[in-house]
Amino acid sequence: MKFIIFLICVPFVYSELHRFMTTYTGINGTTMAGIPEFSAVTTLDDQQIDYYDSNIMELIPRKNWIKDFASTHMWKKDTKIRKHVQQIYKNNIHVVMQRFNQSHGVHTYQRMYGCEWDDETGDSQGFDQYAYDGEDFISLDLKELRYITSVPQAELTVMKWNNDRTQLELLKQYYEDECVYWLKKFLKLSKATLEKAEPPKVFLLQKNPGNFMCHVTGFLFRNTTISWRTNGRDVNNSCKLETGDTLPNEDGTFQRNLTLYVLSDKCKENQYTCVVEHKAEKTEKILTVNMTQRSKPGLDALYILIIIIPAFVALIALYVHKNCRKEIKARKY
Ligand SMILES: *[C@@H]1O[C@H](CO)[C@@H](O)[C@H](O)[C@H]1NC(C)=O
Ligand SMILES: *[C@@H]1O[C@H](CO)[C@@H](O)[C@H](O)[C@H]1NC(C)=O
Ligand SMILES: *[C@@H]1O[C@H](CO)[C@@H](O)[C@H](O)[C@H]1NC(C)=O
Ligand SMILES: *[C@@H]1O[C@H](CO)[C@@H](O)[C@H](O)[C@H]1NC(C)=O
Ligand SMILES: *[C@@H]1O[C@H](CO)[C@@H](O)[C@H](O)[C@H]1NC(C)=O
Ligand SMILES: CC(=O)N[C@H]1CO[C@H](CO)[C@@H](O)[C@@H]1O
């Protein structure tokens with residue numbers, strides 16, 4: 001059940017990759033109450049941003065930052081597209097069932113499409129895949145610009161779709177330009193809202209007498225730097241530092257730990273500072289621990305928090321781009 005997994009939140013862990021994706025799911029034979037025969041979910045970096053299904057027949061914003069956008073004509077258009085796709089899926093699933101010689105039972109037909117963008121290299125890539133009953137069915141090869149399949153029951157459809165060059169060119173253009181445009185736009189909107197909401201949080205933890213951890217959470221960019229300093233300098237070379245992995249939080253921000261080991265006398269100072277340079281947003285936070293008191297219990301209360309430039313927030317104006325968000329038309333068999 002390959003595709004079903006994508007509906008669950010599985011954040012990217014070790015990459016700079018952003019992903020904007022829509023999943024359509026058509027189900028035939030659902031008599032179970034509440035399970036819609038068609039649903040559509042859009043995600044940004046695996047966070048759900050909107051939801052539609054055939055029971056509610058409306059496109060519901062799932063993130064606060066997209067609520068303003070939900071009042072635009074683009075949103076109405078997106079809603080219309082989903083209603084249209086719903087009708088097409090109702091028909092398509094029956095066609096596919098016939099191809100598999102199935103006359104009854106519960107079956108799913110899904111499409112998962114969107115694009116990925118690497119914010120470091122600037123590379124982007126589209127993807128467009130179909131699944132039947134959770135197995136790969138058809139996918140679009142964007143390099144060769146043709147549909148491919150390894151399923152005999154899909155061959156007829158693939159042949160038909162590959163003959164429509166105009167549609168293929170439209171898809172190519174969508175994945176190369178528009179999809180990435182919307183990915184970046186929504187990413188900006190979400191980051192702007194998060195940044196407006198809260199600066200990163202910095203915590204100092206003492207694991208044992210010579211071991212201090214600076215735990216930073218809620219920063220928006222992976223390239224945020226964390227360092228231990230003393231008297232305005234990086235800590236003495238004889239101190240050992242250990243940088244933890246950068247892990248994603250549920251809300252799209254990140255967290256990372258930097259541990260300082262004060263092992264030798266050469267390394268000992270009265271005061272250490274954990275500095276978080278949140279350059280992209282021009283924020284800097286300094287946290288100071290008083291090492292003279294480190295032998296006493298309850299050190300966690302002994303820190304001073306100084307925020308140098310806390311409030312440079314670039315709130316991205318919300319406007320409707322005249323190149324409206326065209327979604328690709330659902331394909332008819
Ligand atoms: C379709 O299924 C029916 C009933 O199981 C069977 O009799 C028939 O041979 C199948 N046809 C094909 C083309 O597989
Ligand atoms: C940082 O350390 C804290 C406390 O030990 C832990 O809960 C958290 O998962 C760590 N975070 C990372 C990114 O390693
Ligand atoms: C580290 O600190 C010791 C003692 O304060 C000093 O002698 C030494 O030069 C320092 N080393 C570096 C690399 O700063
Ligand atoms: C950090 O990353 C963000 C977005 O990925 C970028 O805008 C910013 O320029 C980067 N900052 C630095 C100092 O590299
Ligand atoms: C560090 O703690 C010592 C002992 O309590 C105190 O005298 C000193 O002023 C403190 N220094 C700072 C920078 O807080
Ligand atoms: C609930 C539902 O849509 N069931 C349909 C599943 O597919 C078969 C065969 O096409 C139809 O006969 C059912 O009505």
Side-chain angles (χ1 to χ4, degrees), residues 5 8-19 43-48 63 116-121 187 190-230 234-264 267-269 271-291 293-308 310:
I5 288 166
I8 306 163
C9 172
V10 188
F12 286 123
V13 179
Y14 302 109
S15 91
E16 302 287 337
L17 218 54
H18 297 284
R19 180 193 274 178
T43 59
L44 177 66
D45 290 350
D46 298 309
Q47 300 279 313
Q48 193 174 326
K63 283 273 175 283
E116 292 176 338
W117 174 66
D118 187 316
D119 65 13
E120 285 206 325
T121 63
L187 205 59
S190 74
K191 297 260 182 199
T193 312
L194 282 168
E195 178 64 13
K196 198 179 150 208
E198 262 175 80
K201 292 192 187 73
V202 183
F203 301 98
L204 261 200
L205 305 161
Q206 183 179 24
K207 287 177 156 178
N208 57 52
N211 177 340
F212 293 88
M213 190 174 74
C214 184
H215 172 66
V216 184
T217 186
F219 54 91
L220 299 172
F221 297 100
R222 280 180 178 270
N223 59 13
T224 294
T225 62
I226 304 171
S227 57
W228 279 103
R229 283 184 201 165
T230 179
D234 283 346
V235 291
N236 195 310
N237 282 345
S238 45
C239 297
K240 187 179 166 234
L241 289 176
E242 194 177 86
T243 308
D245 293 326
T246 304
L247 301 179
N249 291 322
E250 286 222 330
D251 62 0
T253 64
F254 297 99
Q255 58 163 290
R256 194 192 307 141
N257 292 332
L258 180 65
T259 309
L260 168 72
Y261 296 91
V262 182
L263 300 173
S264 76
C267 169
K268 281 200 178 103
E269 300 275 356
Q271 195 180 307
Y272 286 94
T273 307
C274 178
V275 182
V276 180
E277 288 168 82
H278 204 229
K279 287 173 188 142
E281 300 295 316
K282 294 210 167 45
T283 16
E284 188 169 289
K285 269 189 157 188
I286 299 177
L287 185 73
T288 304
V289 63
N290 191 337
M291 291 291 282
Q293 299 189 4
R294 75 169 199 268
S295 52
K296 293 182 192 167
L299 177 117
D300 54 342
L302 305 173
Y303 60 79
I304 309 156
L305 183 67
I306 307 159
I307 301 169
I308 292 190

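Order of listing sets the numbers, starting from 1, for every ligand and every atom in it.
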Least distance between heavy atoms, C274 atom then I226 atom:
SG-CG2, 3.8 Å
Quick check: does R256 get an N/O under 3.5 Å from an N/O on ligand 2?
no
Atom 7 (O) of ligand 2: protein heavy atom closer than 4.0 Å?
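Under 4.0 Å from atom 7 (O) of ligand 2, zero protein heavy atoms found.
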Before giving the answer on side-chain contact (heavy atoms from CB on, under 4.5 Å), spell out for R256 and V216 the whole-Å C-alpha distance, their side-chain angles and the decisive distance to 0.1 Å.
CA-CA 6 Å; R256 194 192 307 141; V216 184; 5.6 Å; no
Which residue and heavy atom of the protein sit nearest atom 4 (C) of ligand 2, plus the separation
M213 CE, 3.5 Å
Atom indices of ligand 2, in the order listed, that fall short of 4.0 Å to a heavy atom of D245:
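Every atom of ligand 2 under 4.0 Å from some heavy atom of D245: 13 (C).
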Short side-chain to backbone donor-acceptor contact, D45 and Q47, under 3.5 Å:
no
What protein heavy atom lies closest to atom 1 (C) of ligand 2? Include the residue and the distance to one decimal.
N257 ND2, 1.5 Å
Between R222 and T246, the two heavy atoms sitting closest are NH1-O, 3.7 Å
Shortest non-hydrogen pair, E242 vs Y261, comes out as OE1-OH, 3.4 Å
What residue and atom, counting heavy atoms only, is the protein's closest point to atom 9 (O) of ligand 2, and at what distance?
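Of every protein heavy atom, Q255 OE1, 4.0 Å lies nearest to atom 9 (O) of ligand 2.
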Atoms of ligand 2, numbered as shown, that sit under 4.0 Å from any heavy atom of L247:
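Reading through ligand 2 atom by atom, the close ones are 12 (C), 13 (C).
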Can you tell me how the ring of W228 sits relative to the ring of Y272, calling it parallel under 30°, perpendicular over 60° and tilted otherwise?
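Judged by the thresholds at 30° and 60°, the geometry between W228 and Y272 is perpendicular.
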